[in-house]
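What follows is one structure encoded as structure tokens, with my remarks underneath.
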Amino acid sequence: MTVAPDRTPLDRTFFDRPVLEVAPDLLGRTLVRHTPRGPIEVRLTEVEAYAGPVDPGSHAYRGRTERNAVMFGPPGHAYVYFTYGMWHCLNLVCGPEDFASGVLLRAGEVVKGVESARANRPTAKNDHELAKGPARLATALDIDRRLNGTDVCAGGTAPLGVLTGTPAPAARILHGPRTGVAGVGGDGTLHPWRFWIDGDRSVSPYRPHAPRRRGTARR
DNA sequence: AAGTAGATTGCCT
DNA sequence: GGCAATCTACTTT
């Protein structure tokens with residue numbers, strides 16, 4: 001009996017749970033993906049939960065639209081959106097179906113295919129910045145809207161790849177307010193729905209929500 | 001070394 | 001119009 005690392009892909013039942021259960025359970029797991037430049041694997045170190053209709057920070061808060069339709073579908077699928085005119089962000093839809101919740105993958109450590117990831121993200125100053133930030137993670141992994149709606153529980157045929165491995169120890173997981181999100185809970189405080197692995201160098205810096213300065217009426 | 005203004009496009013009200 | 005993540009160039013410490 002050899003002790004091999006568990007490479008079994010996470011299945012639908014993993015994602016078909018409340019998003020606040022799934023989000024911390026993804027930390028420490030590995031996204032295994034095959035890109036045109038070769039295999040790339042990222043160990044997740046930072047995620048955020050978005051709780052559908054009850055969450056003002058969620059794309060799904062104001063109901064279903066063409067863009068967010070995937071979030072209203074079955075769990076275990078990728079919701080990839082385009083932002084700021086040049087970046088993509090990757091979310092994984094959670095349960096129950098139609099609740100439109102998901103986990104935004106915010107950062108990770110590239111544990112395989114560093115050279116391929118570097119080719120995808122030539123501006124990264126060092127290896128732990130390759131996937132430090134949600135759009136950086138998507139760029140490093142060559143993920144764009146072509147993968148929107150694809151199934152990450154489809155095993156070897158999953159175009160985005162699969163998630164494998166074991167979770168980070170609970171004692172190493174911290175949580176706090178989400179980055180750049182204004183949404184508040186019923187008591188007026190920020191939802192502590194950002195989860196990360198304590199001390200990991202690939203975790204992106206916390207940035208409080210900052211309303212944009214008025215652009216037009218500047219003297 | 002550390003902070004920030006300004007640029008970029010698509011989505012929704 | 002307001003919002004979203006990142007990079008570059010510039011400023012300040």
Side-chain angles (χ1 to χ4, degrees), chain A residues 19 23 26 31 33 35 40 42 44-73 77-93 98-110 114 116-149 160 176-185 190-191 193-196 200-219:
Chain A
V19 67
L26 280 168
L31 174 56
R33 168 160 170 70
T35 77
I40 304 178
V42 170
L44 300 178
T45 57
E46 180 190 354
V47 298
E48 281 176 358
Y50 286 86
V54 300
D55 179 3
S58 168
H59 282 183
Y61 181 59
R62 290 175 181 83
R64 181 185 185 124
T65 67
E66 192 172 335
R67 176 176 66 156
N68 67 21
V70 171
M71 293 197 76
F72 290 82
H77 289 247
Y79 169 48
V80 181
Y81 66 86
F82 183 63
T83 187
Y84 277 104
M86 50 180 90
W87 311 110
H88 298 271
C89 294
L90 169 63
N91 301 257
L92 301 175
V93 178
D98 287 335
F99 186 68
S101 63
V103 178
L104 171 66
L105 306 189
R106 288 198 53 91
E109 174 197 2
V110 178
V114 169
S116 301
R118 279 209 150 273
N120 292 330
R121 257 189 45 74
T123 60
K125 293 189 194 69
N126 51 58
D127 288 352
H128 64 263
E129 285 192 2
L130 282 169
K132 183 180 188 166
R136 289 168 168 185
L137 185 147
T139 303
L141 287 164
D142 192 34
I143 287 167
D144 63 28
R145 274 184 296 186
R146 290 170 304 183
L147 294 166
N148 187 41
L160 188 140
R178 292 177 295 181
T179 297
V181 169
V184 295
L190 292 170
H191 291 305
W193 290 349
R194 174 178 175 249
F195 302 86
W196 67 94
D200 195 286
R201 285 186 309 174
S202 66
V203 173
S204 66
Y206 175 66
R207 182 175 47 77
H209 173 73
R212 284 294 182 96
R213 262 231 288 164
R214 323 231 22 117
T216 46
R218 169 130 30 94
R219 165 143 15 188

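- Ring stacking holds between A/Y84 and C/dA5, with the centres under 5.5 Å apart and the planes within 30 degrees of each other.
- The OH atom of A/Y61 sits 18 Å away from the C1' atom of C/dA4 (whole-angstrom rounding).
- OP1 and OP2 of C/dA5 both lie 4.0 Å or more from every side-chain N or O belonging to A/T83.
- Atom OH of A/Y81 is separated from atom C1' of C/dT6 by 13 Å (rounded to the nearest Å).
- When atom types are taken as modelled, the side chain of A/H128 and the backbone of A/S202 share no donor-acceptor pair closer than 3.5 angstrom.
- Nearest heavy atom pair, residue A/A140 against residue A/R121, reads N-CD, 3.8 Å.
- When all heavy atoms of A/N68 and A/G63 are compared, the pair lying nearest together is ND2-O, 2.9 Å.
- Contacts of residues 134-143 of chain A with DNA chain C (heavy atom under 4.0 Å): A/P134, A/A135, A/R136.
- In plain terms, the two heavy atoms of A/R67 and A/N148 that are nearest each other are O-ND2, 4.5 Å.
- The CG atom of A/L130 sits 11 Å away from the P atom of C/dC7 (whole-angstrom rounding).
- When the C1' atom of B/dA7 is taken as reference, atom CE of A/M86 falls 7 Å away, rounded to whole Å.
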For nucleotides 10-13 of chain B, list the nitrogen or oxygen atoms of the protein found under 3.5 Å from its nitrogen or oxygen atoms, one pair per line.
| unit_1 | atom_1 | unit_2 | atom_2 | d |
| --- | --- | --- | --- | --- |
| B/dC11 | OP1 | A/R145 | NH1 | 3.4 |
| B/dC11 | O3' | A/R67 | NE | 3.2 |
| B/dC12 | OP1 | A/T65 | OG1 | 2.3 |

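- Rounding to whole angstrom units, NZ of residue A/K125 and P of B/dA1 are separated by 13 Å.
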For the pair A/Y81 and A/N91, evaluate side chain to side chain contact (heavy atoms under 4.5 Å, CB included) and give the outcome as yes or no after the intermediate values. CA-CA 8 Å; A/Y81 66 86; A/N91 301 257; 3.2 Å; yes

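- Taking the six-membered ring where tryptophan is involved, the planes of A/H59 and A/Y79 are perpendicular, since the angle between them exceeds 60° and thus also 30°.
- When atom types are taken as modelled, the side chain of A/R178 and the backbone of A/H191 share no donor-acceptor pair closer than 3.5 angstrom.
- At least one donor-acceptor pair under 3.5 Å links the side chain of A/R33 to the backbone N or O of A/D142.
- Atom CG in A/N120 sits about 16 Å away from atom C1' in C/dT6, given to the nearest Å.
- Results of the side chain to side chain contact (heavy atoms under 4.5 Å, CB included) test with A/V110 over A/L141, A/I40, A/D127, A/L137 single out A/I40 as the only residue that passes.
- When rounded to the nearest whole Å, the span between CG of A/L104 and P of C/dA4 equals 12 Å.
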